[in-house]
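Reviewing the structure listed below.
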Amino acid sequence: MDVYEAVTSRRALRGFTDRPVPREVLERVLSAAAWAPSASNLQPWHAYVLTGRRLTELKKRACERVDAGDPWDEPEYEQYPPALKSPYSDRRSAFGEQRYGALGIPREDLEARQRAAAENWNCFGAPAALFCYIDRDMGPAQWSDVGMFLQSVMLLLRAEALHSCTQMAWAKYHKTVAEVLSPPDELVLFCGMSIGFEDVTVHYTRTGRAPLEETVTFVGC
């Protein structure tokens, strides 16, 4: 798989098989992803990989909270601006319509939407998950570095015929994740990432992208 194919075939997969992901594959991917760029080589990411019994335990704890209607944990960072302006709000709305429309869930059926969203905390059936943390003292530039690390992981997973789904949703239950992982207090959970092989029986609709002229300006001769 070349780089272009890895980039264009990567997507937020929401249907995995239970086929195990070999430890040596995960180690190979993460060893290569460590070469992701970071300002002054700070490498500000801290990743935990969960599989097997420990991942099952985390899924169980999180799903129990969902079933009990527990409120989300106090947020440790702002996932979206409180007043999301256009065109970003338009793209977010379009994503929601496509995502839930593909599942046959109408806009007004909030209960069905919540049930579908709850699959986040089952990792969409994935047998492996990565949880990415960053030190609380880091600033916006280091958060950007973490994003480049995660993108590197996702592209390398494609080279291994694996798929992924990054999930800020896990930050909403960061206390539950901490119960299983016991990270140092100075770390903030940015996101989870479900990892595994695609369940081809799960239908999906690919979210489109804005035209190039909407996001890129060429300046030159």
Side-chain angles (χ1 to χ4, degrees), residues 10 12-14 26 29-30 33-34 36-51 54-85 88-89 91-93 95-96 99 110 113-124 126 128-154 157 164-195 207:
R10 185 219 61 81
L13 193 77
R14 293 181 175 87
L26 294 171
V29 164
L30 292 167
S38 61
S40 297
N41 199 30
L42 294 188
Q43 304 169 69
W45 48 82
H46 297 262
Y48 292 76
V49 179
L50 272 178
T51 59
R54 299 300 297 279
L55 179 57
T56 299
E57 178 187 352
L58 177 57
K59 290 179 181 180
K60 179 176 180 292
R61 292 189 185 205
C63 290
E64 285 175 348
R65 287 190 62 177
V66 173
D67 293 342
D70 283 357
W72 290 338
D73 296 332
E74 186 72 22
E76 296 191 289
Y77 70 93
E78 192 172 77
Q79 293 189 1
Y80 300 100
L84 196 61
K85 62 185 180 182
Y88 314 111
S89 58
R91 293 171 187 165
R92 187 182 184 188
S93 295
F95 164 75
R99 162 80 176 127
L110 296 181
R113 286 191 171 210
Q114 289 172 347
R115 284 198 303 271
E119 277 300 300
N120 271 288
W121 296 291
N122 188 43
C123 294
F124 302 105
L130 179 150
F131 293 88
C132 189
Y133 286 80
I134 183 171
D135 194 293
R136 296 178 191 278
D137 293 337
M138 296 294 103
Q142 287 74 52
W143 285 75
S144 173
D145 293 340
V146 169
M148 289 189 281
F149 166 72
L150 291 170
Q151 174 77 335
S152 298
V153 171
M154 289 185 282
L157 288 170
S164 61
C165 181
T166 49
Q167 301 158 273
M168 287 193 296
W170 276 107
K172 299 182 184 301
Y173 283 165
H174 61 84
K175 291 183 180 179
T176 299
V177 178
E179 289 172 2
V180 175
L181 297 181
S182 300
D185 290 340
E186 64 266 22
L187 297 185
V188 174
L189 177 61
F190 172 42
C191 69
M193 180 191 294
S194 296
I195 298 171
T207 305

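Here the structure is a predicted model, which is why all the values come from computation and not from measurement.
- Counting only heavy atoms from C-beta outward, the side chains of L30 and L130 approach each other to under 4.5 Å.
- A heavy-atom distance below 4.5 Å is not found between the side chains of S194 and L13.
- Judged by distance alone, the side chain of R136 and the main-chain N or O of D185 form a donor-acceptor pair under 3.5 Å.
- Below 30°, between 30° and 60°, or above 60°: for W121 and W72 the angle between ring planes is between 30° and 60°, a tilted geometry.
- The heavy-atom pair separating F149 from A36 by the smallest distance is CA-CB, 3.7 Å.
- For R10, there are no salt bridge (Lys or Arg N to Asp or Glu O under 4.0 Å) partners at least two apart in sequence or on another chain.
- Residues passing the side chain to side chain donor-acceptor pair (under 3.5 Å) test with R92: none are found, sequence neighbours excluded.
- Atom SG of residue C123 and atom NZ of residue K59 lie 5.0 Å apart, to the nearest 0.5 angstrom.
- With values rounded to the nearest 0.5 angstrom, L181 atom CG is found 10.5 Å from L187 atom CG.
- Using a 4.5 Å heavy-atom cutoff, the side chains of H46 and P183 are not in contact.
- Listed by chain and residue number, nothing satisfies the side chain to side chain donor-acceptor pair (under 3.5 Å) test with S164 (two or more places apart in sequence, or in another chain).
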If you apply the rule salt bridge (Lys or Arg N to Asp or Glu O under 4.0 Å), what do you find for R54 with E57, and how did you get there? CA-CA 5 Å; R54 299 300 297 279; E57 178 187 352; 3.7 Å; yes
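- The side-chain heavy atoms of V177 and W170, taken from C-beta on, include a pair separated by under 4.5 Å.
- Residues satisfying the side chain to side chain donor-acceptor pair (under 3.5 Å) test with Q142, not counting sequence neighbours, are none.
- Remark: aromatic rings of F190 and W45 are distant, center separation not under 6.0 Å.
- Applying the salt bridge (Lys or Arg N to Asp or Glu O under 4.0 Å) test to residues at least two apart or on different chains, the pairs with a partner in residues 166-183 are R61-E179.
- The closest donor-acceptor contact from the side chain of N122 to the backbone of F124 lies at 3.5 Å or more, if one exists at all.
- Side-chain atoms of D145 and P37, non-hydrogen and from C-beta on, never get closer than 4.5 Å to each other.
- Between the CG atom of L55 and the NZ atom of K60 there is a distance of 14.0 Å, given to the nearest 0.5 Å.
- Between Q167 and M193 there is no side-chain heavy-atom pair separated by less than 4.5 Å.
- In this structure the side chain of V146 reaches within 4.5 angstrom of the side chain of P44, judged on heavy atoms.
- Here the closest heavy-atom approach between residue A62 and residue Y173 is recorded as O-CE1, 3.8 Å.
- Taking each heavy atom of L189 and C191 in turn, the nearest pair found is CD1-O, 3.5 Å.
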Evaluate the criterion side-chain contact (heavy atoms from CB on, under 4.5 Å) for residue pair R14 and E119; output intermediate values, then yes/no. CA-CA 8 Å; R14 293 181 175 87; E119 277 300 300; over 6 Å; no
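- Panel note: side chain S38, backbone Q43; a donor-acceptor pair is recorded below 3.5 Å.
- For R65, the side chain to side chain donor-acceptor pair (under 3.5 Å) criterion is met by D73, T176, not counting sequence neighbours.
- Annotation for P184 and Y48: closest pair CD-OH, 3.4 Å, computed over non-hydrogen atoms.
- Between Y77 and W143 the shortest side-chain heavy-atom distance falls below 4.5 Å.
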